[in-house]
Structures are given as C-alpha cells and as structure tokens.
K.L.:
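Structure below; questions to follow.
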Amino acid sequence: MSKKGRLFIILLVLAMCFVFLWPSICWYARTPKDDKALALSSLEKIKEYATFMAENDVEQLRQAAKASDAEIPAGSEWLVKAAKKNFKDMGKEVPSPLTLRAALETFSREELTKLVEDRYRNKILKDKKNYKNSVKLGLDLSGGMNVIVKADLDAVVKAQKESGTVAEASWDSDLKTHVVTVNEATLRNDAMAQAIETLTSRIDRFGLSSPTIRQQGEDRIYIELPGSAETDQINTIIQGRGILNFRLVDMEATEKFLQYYFANRSTTFDSKGNLIDPSIIPEDEEVFGYYVTDEYGLDQKVTGRPYLVVKKQIALEGKHIKSAEVGADNLTGRPQVNFTLDAEGAGIFAKFTGEHKGDYLAIVSDNKIKSNARINSEIPGGQVAIDGFGKEEANNLQKVLQTAWLEVPLTVESQQVIGAELGSQYIRQGLIAIAVGLAAIMLFMLIFYKGAGVNACVAQVLNLYIMFSVMSALNFTVTLPSIAGMILTIGMAVDANVIIFERIKEERALGKDRASSISVGFANAFWSIMDSNITTFIAAVFMTQLGSGSIQGFAYSLAIGVCSTVFTALVVSRLLFDFNTEVVGKKNISISWRMK
C-alpha cells in the first residue's frame with residue numbers, strides 16, 4: 001500500500017472515530033449534571049417538565065410585554081426568527097426595532113406555548129440521544145441495583161390448559177420423557193416476551209432511568225437499574241397490580257374545568273401536576289391528562305381538550321382484561337381495538353354500560369387517560385370494541401391494554417444494591433490503572449527503543465482513541481472487567497511494536513539501509529503479529545458467546561482492542577516510519593542504544 005493510501009485510510013478512520021465518539025464527548029463533557037438527570041428520566045416526565053416550563057415562560061413573556069414596550073431580551077434569537085417568519089407569512093414588514101410586544105402579537109398563546117415547548121423538548125431529547133449513542137457506565141461503576149426475577153411459566157400454562165387453550169403434554173415411552181406440545185412452547189415464549197415488555201413499560205413510566213432488561217435462561221429476567229432506586233418501589237413495580245382501570249367521565253365537570261384552565265393556565269397546577277385549588281371540581285372526582293402519542297414517542301395532550309374530569313370510583317379494573325388485539329370495523333374498515341374480559345369482568349362491564357348509556361368511559365393508565373369512548377349501548381359477553389382513532393394510535397392503545405395486567409406471576413429471586421460512591425471509587429481506580437499502565441509502557445518504549453519508541457507511543461494513544469470510539473459507536477457499557485480488557489490491550493499493542501522493532505533491528509544489523517530495514521522488518525513481523533492477534537480474537541469471540549455478564553464485558557473490549565492494535569501497529573506505525581524516511585529525510589534509525 002502506498003503512503004498516500006495509508007494516510008488517507010488513517011485520516012478516514014480518525015474522522016469516523018471522532019463522529020462515533022462525539023455523543024460521548026457531548027454527554028460526559030458538555031452536558032450539565034441537572035440536564036443529565038432530566039434526560040435520563042422517563043418520556044412522560046420529560047413531557048411534563050417541557051409543558052410546565054413552556055407555560056411558565058410564556059406567562060413571563062406576556063407579563064413582560066404588558067409591563068413595557070421593551071425590545072426582545074438577549075438570548076431570544078429563536079423568538080426573533082419565529083416572529084420575522086410570522087410577519088413574512090402575513091405579508092407585513094418587520095418593525096424596527098422589533099419589540100417584545102410586537103413579536104408576541106404574531107402568535108396565538110397556543111402557538112407560542114408549542115414553540116417554547118418544542119425548544120425544551122428538542123434539547124432534552126438531544127441529550128437523551130447523546131446518552132443512547134455514548135459509552136455507558138455499568139452498574140459496578142455508576143451504582144444502582146440489579147434484580148433477578150423468576151417468571152412462573154408453569155402457572156401460565158396451567159391456567160391456559162384449564163381454559164382449553166393448550167393441549168396436555170404426553171408421555172413418550174421411547175424417550176421416557178414428557179413431550180411438550182408446540183402450543184405450550186409457543187405460550188412460554190409469548191409469556192416471557194409479554195413479561196419483559198410489561199416490565200419495560202412499567203419501569204419507564206415510573207421514571208427509573210435507562211433500565212437494562214433482558215431474558216436470562218428460560219424463565220428468569222435480569223433487570224439492571226443504574227442510579228438510586230428504592231427496593232420497595234422496585235418490588236411494587238415488578239409485582240404491581242391494577243395499573244390500568246376504566247373510569248366514568250363527567251363531561252359537564254370537564255367543560256367547566258377546561259374553561260377555568262384556559263383562563264388560568266399557569267395557576268391551575270403546581271410543578272408536580274397537582275391541582276392548586278381542588279375545589280374547582282367535585283370531591284368525588286379527579287383530573288387526568290388526555291394523551292395521544294406524538295411523533296417523538298412522547299405522550300401528547302389532546303389539542304383543545306388536554307384534561308378530562310373522571311370519577312374516583314373505578315368502574316372496571318384492568319385485571320379483568322384477558323387479551324387485546326387491533327382489528328378493523330366490518331362496515332367502515334377503520335381501525336379498532338378489540339379486547340376480551342374474563343367472566344367476572346364481563347358481568348361488571350355489562351351492568352355498568354347498561355346503566356350509563358350515552359355517557360363517556362375513559363381508559364386510565366398510570367394516571368393518564370389513553371382513550372375516551374362513548375357508551376352507545378349495553379356491552380354483554382365480555383367482547384369489547386373501541387374505535388375512533390388511526391392505525392398507530394390503535395396499536396398504542398392495544399399495547400396499553402395488553403400490558404395492563406401482568407398475567408405471568410413474578411417473584412424477585414435476588415436483589416443487589418451497589419452504592420454510587422463505590423462506583424466512583426472503581427472509576428478512579430480504573431482510570432488510574434489505565435493511566436499508570438500506559439505511562440509505564442510509554443516510558444519503557446522511549447528508554448529502550450529511543451526514537452522508534454515515539455512511534456509506539458503515538459500508536460498507543462491512537463489505539464485507545466479508536467477503542468473508545470468503537471465502544472461509543474456500539475453503545476458499549478464499560479464495566480470493571482471491560483477496563484481490564486483495555487489494560488490487557490495496551491500490553492498486547494506494545495507487544496506488536498516490539499516484534500516490529502526487533503525485526504527492523506535484525507535487518508539493520510545485516511547492513512541494510514533505513515528504508516529497506518523498515519520495509520523488510522514490517523513484512524517479516526506481519527504474520528507473527530496477525531497469528532497472535534487472530535488467536536486472541538478467536539478466544540474473545542468464544543468468550544462473548546459462551547460467557548455471560550462480566551466475562552462478556554471483558555471479551556468485547558478485548559476483541560475491539562485486538563482490531564485497533566493490528567491497525568495502529570501495522571498502518572499508523574508504518575506511516576510514521578515512512579514519513580521520517582521520505583519527508584524528514586532521516587538516514588539512520590534511532591531504535592537501539594547499541595546501534596548507530
């Protein structure tokens with residue numbers, strides 16, 4: 001390969017690595033601590049925060065505009081840009097100077113609130129995206145809790161057998177074992193998938209940051225929760241019941257409340273979403289937000305009717321839902337959600353719908369209204385269909401109903417809490433170990449190999465840079481074992497340089513000039529380096545497949561390190577030698593104390 005080719009490849013790799021590493025740089029070096037905490041919260045909390053802050057900011061802007069005809073405050077370029085666009089759309093000239101009052105007059109209150117809310121939301125979601133695309137700290141470094149949950153799949157199968165869904169397992173006399181039917185095996189897989197999806201949904205809704213949830217073995221679920229978390233809260237979420245329910249909507253009280261809310265937006269709720277004046281609604285009722293899912297995956301309040309007043313008394317609990325699926329209306333073809341109730345729920349629902357014809361029934365999930373449907377007639381038999389929305393919203397509602405009641409019995413087998421202070425100590429120790437190991441190796445190479453040691457030092461630094469960049473690109477989670485893999489990689493990387501340098505010294509001792517010694521030295525060292533690194537890479541691959549947990553973390557970092565080591569030793573180091581030979585014009589090689 002030519003020198004220009006090597007230089008092009010190196011620059012391309014370094015540029016790509018910078019792109020991969022940029023989210024990690026933004027997250028760890030450019031994102032304030034408070035912004036990190038907000039970005040790591042659930043989407044629901046992000047939405048509530050953005051809405052609350054937007055309404056407060058809009059109110060402050062409107063009050064400032066009423067107080068004086070001042071110019072737009074500094075730092076509000078976004079408002080100037082939006083106002084100028086509004087003037088252009090209206091076919092009017094932009095006033096000079098552009099005052100705050102004139103700018104606000106180009107917006108309706110809803111438009112201005114949405115504009116401010118979008119700014120908050122986009123900033124937080126950008127931080128959240130940086131976190132997702134960055135290198136993450138494992139539980140042993142960041143602190144938190146890991147939980148192992150056992151799913152009682154036998155209870156699920158038994159319940160389905162009693163209902164006639166799954167055939168009995170038969171005894172095979174030849175194999176001398178029970179043969180599990182395909183239906184039962186499928187049911188077990190579906191039950192585990194349902195349990196994982198439900199836990200993921202619940203944990204996110206409760207605002208616990210960035211959980212790791214994966215299946216472990218046949219019937220166990222591993223949950224990793226970075227940060228602080230209360231044991232009792234986790235147990236409540238895992239074994240919780242009654243997250244979803246059906247409530248009767250008081251439309252008259254809703255209309256009165258909405259009139260009050262639109263006239264007093266900033267003083268209706270406090271920062272936690274509680275009513276500041278509870279007397280504006282009847283004592284036996286409460287207010288919930290009415291949400292649909294927006295294009296960001298966030299719960300978006302319904303425009304024009306963001307809140308509904310519902311009865312505190314629960315008409316039907318979600319535990320009575322047996323199944324839910326998305327279908328289509330036979331006449332209109334519009335999407336609808338069909339769900340089935342158990343026998344007890346069917347009786348309760350039939351009686352309730354018969355008594356409340358013409359009223360509205362809301363589906364409340366985690367204190368958020370997901371659907372508001374009119375009761376046209378009594379609904380007997382437990383077969384319920386809800387329509388009036390698009391395909392995507394139907395799928396979202398189906399998921400809400402399906403995860404409303406966790407049918408798979410779960411028990412917590414083990415819990416381990418790791419303090420954040422211990423994690424910080426591990427991080428410091430790991431960084432010190434990497435820094436000391438790197439410094440010691442660099443010092444040795446500079447002393448023993450003189451000028452050639454500089455090439456090895458540059459290759460080592462780029463090696464770590466490439467490793468961290470690839471980890472960031474793969475959203476790698478750094479743990480103590482993975483740090484051990486990095487330290488091992490440092491030693492292996494310098495080993496490749498040692499082989500190359502010794503080969504060059506051999507050629508130089510035979511009387512060859514600098515260019516020939518370097519060329520032949522790299523050629524002779526190539527297969528020795530490749531053989532040793534390929535065998536190490538194979539071992540790392542097997543560890544990633546056969547190991548688990550900490551072993552996999554060590555193996556992944558080792559495998560990445562092997563690839564970066566080969567690149568820096570054979571490409572970067574060679575280019576540095578050639579640069580000194582052909583550009584700088586060196587004739588001798590500073591590679592040994594005994595060799596001139």
Side-chain angles (χ1 to χ4, degrees), residues 12-54 57 75 77-78 115-144 200-201 203-214 223-229 293-300 420 423-424 426-428 430-431 434 462 464-479 482-483 486 553 556-557 560 564:
L12 180 62
V13 169
L14 295 182
M16 291 178 61
C17 286
F18 182 78
V19 173
F20 294 152
L21 196 58
W22 181 246
S24 296
I25 296 173
C26 289
W27 177 254
Y28 290 103
R30 295 166 57 89
T31 305
K33 186 177 180 180
D34 292 342
D35 290 352
K36 287 182 180 179
L38 188 59
L40 289 176
S41 61
S42 66
L43 294 177
E44 284 80 2
K45 287 187 177 297
I46 292 174
K47 178 61 181 177
E48 290 174 1
Y49 173 85
T51 303
F52 178 76
M53 294 300 296
D57 288 357
E77 291 78 9
W78 58 272
L115 179 64
V116 178
E117 182 182 340
D118 286 345
R119 294 184 69 251
Y120 278 105
R121 178 175 58 195
N122 292 339
K123 171 62 172 64
I124 300 170
L125 291 182
K126 183 179 179 180
D127 292 337
K128 200 177 190 72
K129 183 179 179 181
N130 286 334
Y131 172 75
K132 289 181 179 179
N133 294 330
S134 67
V135 175
K136 299 174 182 61
L137 299 180
L139 206 62
D140 52 356
L141 299 180
S142 63
T200 302
S201 176
I203 289 174
D204 179 72
R205 288 172 185 171
F206 272 79
L208 302 177
S209 62
S210 304
T212 297
I213 304 175
R214 62 175 180 267
I223 304 173
E224 196 172 273
L225 299 166
S228 60
T293 303
D294 64 11
E295 62 273 15
Y296 294 100
L298 293 170
D299 281 341
Q300 173 76 48
S424 300
Y426 286 157
I427 293 174
R428 288 194 299 271
L431 292 176
I434 292 176
L462 292 181
L464 284 177
Y465 170 73
I466 294 172
M467 279 187 65
F468 277 110
S469 300
V470 174
M471 289 178 178
S472 183
L474 299 177
N475 301 331
F476 191 80
T477 300
V478 177
T479 60
S482 61
I483 291 178
M486 295 178 200
Y556 281 126
S557 63
I560 295 170
S564 61

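Only this structure's heavy atoms are used, side chains among them; waters, hydrogens and symmetry mates stay out.
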K.L.:
Within a strict 4.5 Å, meaning less than it, do heavy atoms of the Lys129 and Pro23 side chains meet?
P.N.:
no
K.L.:
Give me the atom names and distance for the closest heavy-atom approach of Cys26 to Asn130.
P.N.:
CB-ND2, 3.6 Å
K.L.:
For Lys126, does the NZ atom have more than 12 heavy-atom neighbours from other residues, nucleotides or ligands under 6.0 Å away?
P.N.:
no
K.L.:
Given Val470, which of Leu21, Ile560, Val135 fulfils the side chain to side chain contact (heavy atoms under 4.5 Å, CB included) condition?
P.N.:
Ile560
K.L.:
Measuring from atom CD of Glu117 to atom CG of Asn122, what distance do you get when rounded to the nearest 0.5 angstrom?
P.N.:
10.0 Å
K.L.:
Looking at every non-hydrogen atom in both residues, tell me the closest pair between Arg121 and Ala50 and how far apart they are.
P.N.:
N-CB, 4.3 Å
K.L.:
Under 3.5 Å, side chain of Tyr465 to main-chain N/O of Leu14, donor-acceptor pair present?
P.N.:
yes
K.L.:
Measure the shortest side-chain to side-chain distance between Thr31 and Tyr131 over non-hydrogen atoms and say whether it is less than 4.5 angstrom.
P.N.:
no
K.L.:
Count the heavy atoms belonging to other residues, nucleotides or ligands that lie under 6.0 Å from CZ of Phe468, then report whether that count exceeds 12.
P.N.:
no
K.L.:
Taking side chain as C-beta onward, heavy atoms only, is Leu38 less than 4.5 Å from Asp127?
P.N.:
no
K.L.:
Is a side-chain N or O of Ser469 found less than 3.5 angstrom from the main chain of Val19, in a donor-acceptor match?
P.N.:
no
K.L.:
Between atom CG of Leu125 and atom OH of Tyr120, what is the distance when rounded to the nearest 0.5 Å?
P.N.:
14.5 Å
K.L.:
Check this for me: Lys132, atom NZ, are more than 12 non-hydrogen atoms of other residues, nucleotides or ligands nearer than 6.0 Å?
P.N.:
no
K.L.:
Could you check whether any side-chain heavy atom of Asn133 comes within less than 4.5 Å of a side-chain heavy atom of Trp27, counting everything from C-beta outward?
P.N.:
no
K.L.:
Taking all non-hydrogen atoms of both residues into account, name the closest pair between Ser557 and Met467 and its distance.
P.N.:
O-CE, 3.7 Å
K.L.:
Counting N and O atoms only, with roles assigned by atom type, does the side chain of Ser472 sit under 3.5 Å from a partner on the main chain of Phe20, one being a donor and the other an acceptor?
P.N.:
yes
K.L.:
Is there side-chain contact between Leu474 and Tyr556, with heavy atoms separated by less than 4.5 Å?
P.N.:
no
